[in-house]
Participant: 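To start, I am sharing the structure in question, which I have written as structure tokens.
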Amino acid sequence: MDRETALAIVISCLKDALEQFGAPAENITEETPIVGPSAVLDSISAVSLIVDVEQRLEMDHNIYVTLASEKAMSQKSSPFRTAGVLADHICDSIKEGQAA
Amino acid sequence: MSEQKVMLITGTRKGIGRYLAETYSRRGYLVEGCSRGEAGWETENYTHHQVDVSDERQVKSMIASVARRHGRIDVVLNNAAVASMNHVLLTPAKASNRMLEVNVTGTMLVCRDASRVMMRRRYGRIVNFTTIVAPIALAGEAVYAASKSAVVTFTRILAYELGQWGITCNSFGATPIMTDMIRGVPQDKIDAVVNNLAIKRLGNYEDCINVCDFFISPASDNITGQVIYLGGVT
């Protein structure tokens with residue numbers, strides 16, 4: 001999967017999550033913070049977003065990947081910190097899954 | 001998406017799991033069941049998966065298949081379990097690990113992946129099976145009871161984690177039921193357990209259906225994080 005597609009999925013899911021969270025869903029970019037002090041979502045909505053992204057990958061692209069892997073969760077810098085970083089993480093996780 | 005409600009039951013090859021699968025498929029649920037081997041039986045509205053519930057990949061694949069075919073999961077009954085009734089001094093690590101893998105990790109994996117499907121419709125009912133041998137602290141079943149205590153604690157916390165998506169999570173602990181799981185237990189030991197119950201009889205399959213019916217009823221949307229034991233055990 002190319003990064004552009006991954007980012008489009010993240011942004012679409014992030015917009016849905018923000019709408020459900022009751023927050024404005026405009027002006028989402030790859031710099032939008034998902035976790036951390038300036039995050040646009042609370043922690044539960046962030047969990048829901050990650051599940052939603054995984055399900056979108058499964059249903060629309062037949063790609064099965066675990067984004068919250070042990071490796072991801074132990075990284076010093078969160079792979080969920082912004083929409084763009086999450087898109088990179090999706091591409092990396094898919095590559096790792098294919099290599100395994 | 002299927003019009004019929006979809007129920008996932010683990011451990012359906014025999015015993016309670018098979019009875020639950022046959023009963024609910026007869027009542028009109030689309031029942032998806034699993035066990036490590038073939039079911040060895042079939043009925044209308046029932047689909048069997050050969051899955052070891054402690055295997056993450058196999059659980060994921062089964063639930064993805066259910067979601068693809070039906071688009072929904074309404075109910076999960078986590079019945080699959082292994083028991084090894086042994087004095088702790090004679091319990092090998094391998095047997096202990098296997099009980100924890102199937103009874104605890106297996107329950108967690110099925111709950112995790114099924115609830116992801118339930119979240120889409122903001123509705124779900126999860127019933128995790130425990131046992132009275134945990135609260136009565138039955139000698140000879142230390143690891144099995146510990147694994148089932150873990151299931152109760154897991155379910156209580158799961159109820160809090162999933163409540164916002166309309167998913168209820170409860171535990172059900174049966175008294176001894178004459179299935180293969182307890183067939184090797186000496187009769188005097190079973191009698192001693194039964195004689196200490198408020199209702200002095202073995203459990204039966206209908207008891208299980210009765211409690212499951214209550215937990216999975218749409219009307220039970222405010223019943224979560226609870227555990228019901230048969231026979232007066234608390």
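In what follows, chains carry the letters A, B, and so on, assigned in the order in which the sequence lines appear, proteins first and then strands, with residues in each chain numbered from 1.
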Participant: Any side-chain heavy-atom pair from A:Thr66 and B:Lys60 closer than 4.5 angstrom?
Facilitator: yes
Participant: Sort by residue number and list every member of residues 144-168 of chain B having a non-hydrogen atom under 4.5 Å from chain A.
Facilitator: B:Gln164, B:Trp165
Participant: If only atom types and distance count, is the side chain of A:Gln55 paired as donor or acceptor with the main-chain N or O of B:Arg116 below 3.5 Å?
Facilitator: yes
Participant: Does a sphere of radius 6.0 Å around CZ in B:Arg120 hold more than 12 heavy atoms from other residues, nucleotides or ligands, not counting ones at 6.0 Å or beyond?
Facilitator: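 Yes, because the 6.0 Å sphere around CZ of B:Arg120 holds more than 12 heavy atoms from other groups.
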Participant: Do other residues, nucleotides or ligands put more than 12 heavy atoms under 6.0 Å from the CG atom of B:Asn222?
Facilitator: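 Result for CG/B:Asn222: open.
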